[in-house]
Amino acid sequence: MAALINVPGKAKRGDVIEIRTLTSHIMETGFRHTMDGALVPRDIITSFTCRYNGTEIFRADLFPAIAANPYLSFFTIARESGTLEFEWIGDNGYSSTASASITVE
């Protein structure tokens with residue numbers, strides 16, 4: 001699935017930066033029924049993790065109440081230049097990753 005990542009390209013050391021992510025996913029709750037009365041199977045993203053140069057800086061557990069195409073926003077401190085890695089894990093073997101680079105001056 002596609003993901004939109006917004007990370008500043010440059011920051012000063014010690015700056016607080018905002019990181020925003022939006023990923024495309026249907027997020028089926030598992031509570032709906034089809035016209036025939038059959039239960040629509042649950043299919044959600046269950047966890048999100050962000051790592052900054054390999055160190056986990058943010059984690060979220062997601063549940064059926066989260067909307068389709070989940071948007072997450074969080075903050076961290078720009079400590080050094082490097083890579084932010086994003087990982088979404090979900091039901092039915094779903095896994096998606098993305099990354100973004102930041103230059104810290």
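Because the structure is predicted, anything quoted here is derived from the model rather than measured. In this chain, residues are counted from 1 in sequence order. Every heavy atom of this structure was used, including side-chain atoms; hydrogens, water molecules and symmetry mates were not.
S101 and T83 make their closest contact through OG-OG1, 4.2 Å (heavy atoms, listed as atom of the first residue, atom of the second, distance). Of all non-hydrogen atoms in S47 and D61, the two that sit nearest each other are CB-OD1, 4.0 Å. Closest of all the heavy-atom pairs between E18 and S73 is OE2-OG, 2.6 Å. Of all non-hydrogen atoms in I17 and A78, the two that sit nearest each other are CG2-CB, 4.3 Å. Nearest heavy atoms, P64 versus T29: O-CG2, 3.3 Å. Shortest non-hydrogen contact noted between R42 and D91 is NE-OD2, 2.7 Å.
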Review point. Should F48 and T21 be marked as a side-chain contact (heavy atoms from CB on, under 4.5 Å) after you check the CA-CA gap, both sets of side-chain angles, and the distance that decides it?
Key: CA-CA 10 Å; F48 168 79; T21 70; 4.0 Å; yes
Point to revise | Worked verdict on F58 versus T76 for side-chain contact (heavy atoms from CB on, under 4.5 Å) | key: CA-CA 9 Å; F58 184 83; T76 194; over 6 Å; no
Exercise for review: In sequence, state the C-alpha distance, the side-chain angles, and the governing distance for I44 and T46, and then conclude on side-chain contact (heavy atoms from CB on, under 4.5 Å).
Suggested key: CA-CA 6 Å; I44 67 168; T46 55; 3.9 Å; yes
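Placement of Y52 and F74 within a single hydrophobic cluster is found when ILVMFWY residues are connected by side-chain heavy-atom separations under 4.5 Å, directly or transitively. Note on L62: it clusters hydrophobically with I19, by side-chain heavy-atom contacts below 4.5 Å among ILVMFWY residues. Cluster membership for I45 and Y71, using ILVMFWY side-chain heavy atoms within less than 4.5 angstrom, is not shared.
One distance of note links OG1 of T23 with CG of L4; it measures 8.5 Å at 0.5 Å rounding. Within the model, atoms NE2 of H25 and CH2 of W88 stand 12.0 Å from one another, a figure rounded to the nearest 0.5 Å. Here the CD-CG distance, from E28 to L39, works out to 8.5 Å after rounding to the nearest 0.5 Å.
Within the 3.5 Å criterion, the main-chain N or O of S81 finds a donor-acceptor partner in the side chain of N53.
At a threshold of 4.5 Å between non-hydrogen side-chain atoms, the residues I57 and L84 count as touching. A heavy-atom distance below 4.5 Å is not found between the side chains of E87 and S96.
A salt bridge is defined here as a Lys NZ or Arg NE, NH1 or NH2 lying under 4.0 Å from an Asp or Glu carboxylate O, and E80 with R13 fails to meet this definition.
In this structure, a donor-acceptor pair under 3.5 Å is absent between the side chains of T97 and E85.
Enclosure of atom CZ in R51 by more than 12 non-hydrogen atoms of other residues, nucleotides or ligands within 6.0 angstrom is indicated.
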